[in-house]
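Here the structure is laid out as structure tokens; the discussion comes afterwards.
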Protein chains: 2
Amino acid sequence: MEGTGYDIKRLFEATFSHFHSASYGSIYPALGQLQQEGLISLRVEQGARYPDRKVYSITEAGRQAFVSELTQTAPSEQLRSELLVLTFFAHLLPGERLAQVLDQAARQYRESLTYLESVRDHPSHSAGIRFTIDMGIASLRAKLECLSTGRDALLAGHLTPPRIDTEEATCDA
Amino acid sequence: MEGTGYDIKRLFEATFSHFHSASYGSIYPALGQLQQEGLISLRVEQGARYPDRKVYSITEAGRQAFVSELTQTAPSEQLRSELLVLTFFAHLLPGERLAQVLDQAARQYRESLTYLESVRDHPSHSAGIRFTIDMGIASLRAKLECLSTGRDALLAGHLTPPRIDTEEATCDA
DNA sequence: TCGAACATGTAAAAGGTTACATGATTAC
DNA sequence: GTAATCATGTAACCTTTTACATGTTCGA
């Protein structure tokens, strides 16, 4: 339960990336504030190598505040998918662009999926972390399947003028 | 292709809700700005009933700008799930709280799913819209399945002290 | 030697929500 | 009569990202 701002950034990129993100611009100020509030403590490592490391650890007060926060707040969930905005207006787009975007999305999903699958069985992972990863995996697989099932219907309905009730995207079955 | 700010809000709530959201605080200023830029035009309906309606329509310039926007930007996707943050730290939480949160999430997912399934086959929906809905449906179903499969493992691993390598969340199989 | 990784931070700008302020109408 | 729906908007606030600024060390 200790680490630097840099470590936190890496943690976000490695383990949180499929459900949360944070940049240095929010991490470093937050660490400073938490320290002032006594929720984390600071130890400076003046290593011979690299710049000074500011290693933060959570305090007992911090742990309590964290658990209290997790316990009190109703968990919200927000997503903002420009991919789906795009497909929503698929009829306005040139078919090539649409195909390109769908394929690019599939590639990214596959990449994320591969990554999550590769880290899933790390023995150091708690059940909670594994569950979190499983949710990501399940969701990605579903989206990939939907993408591959719906792709042709989307592109086909595209070459004809946008007739609304002739084609079927059979992802849902 | 015309409507009021109020209509847009409803559209977001009804059709966009599973992948985007917007509040009046962003819709109304945006409409004002778009109008000044000539991308949408304004017609005021002084109906006998209700306050004046400001009905906006997209202009030809606006349509071009919109398509251009959709074509140029690489679609980003960001989600922020406090539910998964919570499960990530499941070992810190009292079991009751965890169960309550998981069940609440399942309820919300089921509700969204029911809604999406109910609107999916509207004949007025284009293939693009249907695809968008299908992605939502697929994703929700996967998450629900993962929730129900993983729930017991998460809660079971919970009563014992957080031993890390004894339990299995078998959502991924 | 050159790029990636290590390491910290700030300031400005962007983007968004919440809460407020107002008021008619319609359905129960 | 009272709640929901219709309808518009602003201002303050909050959160977050982006871009900047700086410098070392390690591996190829």
Side-chain angles (χ1 to χ4, degrees), chain A residues 2-37 39-57 66 69 72-82 84-85 115, chain B residues 2-37 39-57 69 72-82 84-85:
Chain A
E2 61 165 39
T4 67
Y6 191 81
D7 292 335
I8 291 176
K9 182 77 192 306
R10 276 193 313 181
L11 177 69
F12 268 86
E13 273 159 7
T15 322
F16 274 50
S17 58
H18 67 291
F19 64 93
H20 214 292
S21 66
S23 60
Y24 290 129
S26 49
I27 290 172
Y28 284 118
L31 285 173
Q33 210 188 314
L34 288 170
Q35 197 221 326
Q36 283 197 336
E37 292 168 14
L39 302 177
I40 56 179
S41 66
L42 170 59
R43 160 171 55 89
V44 178
E45 277 182 8
Q46 288 173 309
R49 55 186 66 177
Y50 295 119
D52 290 359
R53 283 163 52 87
K54 293 194 177 177
V55 182
Y56 294 94
S57 316
F66 184 56
E69 194 72 18
Q72 277 168 23
T73 319
S76 78
E77 215 154 349
Q78 51 171 283
L79 48 153
R80 186 149 301 194
S81 167
E82 286 179 14
L84 292 190
V85 171
Y115 174 72
Chain B
E2 61 165 38
T4 67
Y6 192 81
D7 292 335
I8 292 175
K9 181 78 191 307
R10 277 193 313 182
L11 178 69
F12 268 85
E13 274 158 7
T15 322
F16 273 50
S17 58
H18 66 290
F19 64 93
H20 214 293
S21 68
S23 59
Y24 290 130
S26 49
I27 291 171
Y28 283 118
L31 286 173
Q33 211 187 313
L34 288 170
Q35 197 221 326
Q36 283 197 335
E37 293 168 14
L39 302 176
I40 55 179
S41 65
L42 169 59
R43 159 171 55 89
V44 178
E45 277 182 9
Q46 288 175 308
R49 54 186 66 180
Y50 297 118
D52 290 359
R53 284 162 51 88
K54 293 194 176 177
V55 182
Y56 294 94
S57 316
E69 194 72 17
Q72 277 168 22
T73 318
S76 79
E77 215 153 349
Q78 51 172 285
L79 48 153
R80 185 149 302 192
S81 168
E82 284 179 15
L84 293 189
V85 172

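Just so we're on the same page: letters track the sequence lines, and every chain starts at 1.
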Ring geometry between B/His20 and B/Phe12 (parallel below 30°, tilted from 30 to 60°, perpendicular above 60°): perpendicular

query: Could you walk me through whether A/Leu84 and A/Leu79 pass the side-chain contact (heavy atoms from CB on, under 4.5 Å) check?
result: CA-CA 11 Å; A/Leu84 292 190; A/Leu79 48 153; 6.0 Å; no

query: Which one, D/dT18, C/dT18, D/dT10, comes nearest to the side chain of B/Pro29?
result: D/dT10

- prompt: Contact class for A/Ser21 (heavy atom, under 4.0 Å): base, sugar-phosphate, or nothing?
  reply: sugar-phosphate

message: Measuring to OP1 and OP2 of D/dT15, would you say a side-chain N or O of B/Arg80 lies under 4.0 angstrom away?
response: no

query: If you check the B/Tyr24 side chain, which of D/dG9, C/dG16, D/dT18 turns out closest?
result: D/dG9

query: Expressed in angstrom and rounded to an integer, what is the separation of B/Arg43 atom CZ from D/dT8 atom P?
result: 12 Å

message: If I take atom NE2 in residue A/His20 and atom P in nucleotide D/dT15, what distance separates them, rounded to the nearest angstrom?
response: 12 Å

- prompt: Within the structure, does a side-chain N or O atom of A/Ser26 lie under 4.0 Å from either OP1 or OP2 of D/dT17?
  reply: yes

query: So what does A/Gly25 touch, heavy atoms closer than 4.0 Å: a base, only the sugar-phosphate, or nothing?
result: base

task: Could you work out which one of D/dA7, C/dG9, D/dC6 sits closest to the side chain of B/Arg10?
output: D/dC6

field: Per B/Lys54 side chain, nearest of listed nucleotides D/dA7, D/dG9, D/dT17
entry: D/dG9

query: Ion pair present between B/Glu82 and B/Arg80, side-chain N to carboxylate O less than 4.0 angstrom?
result: no

field: Between D/dT25 (C1') and A/Arg53 (CZ): distance, integer Å
entry: 14 Å

task: Using a 4.0 Å heavy-atom cut-off across all strands, classify A/Thr4 as base, sugar-phosphate, or nothing.
output: sugar-phosphate

Among D/dT8, C/dG9, C/dT8, the nucleotide that comes nearest once only the side chain of A/Tyr6 is considered: C/dT8

- prompt: Starting at OH of B/Tyr28 and ending at C1' of C/dG16, how long is that distance when rounded to a whole Å?
  reply: 17 Å

- line: In whole angstroms, the gap separating P of C/dT8 from CG of A/Leu42 amounts to 10 Å

message: Can you give me the closest heavy-atom contact between A/Gly5 and A/Leu31, atom names plus distance?
response: CA-CD1, 3.6 Å

- prompt: Which whole-number value in Å describes the distance from A/Gln46 CD to C/dC6 C1'?
  reply: 17 Å

- prompt: Which whole-number value in Å describes the distance from A/Lys9 NZ to C/dA4 P?
  reply: 15 Å

message: Against B/Gln33, only a single residue in B/Gln36, B/Gln35, B/Glu37 fulfils side chain to side chain donor-acceptor pair (under 3.5 Å); can you say which?
response: B/Glu37

- line: The nucleotide from C/dA7, C/dT17, D/dG9 with an atom nearest the side chain of B/Tyr56 is D/dG9

- request: Can you tell me the distance, in whole Å, between the CD atom of A/Glu13 and the P atom of C/dA4?
  value: 14 Å

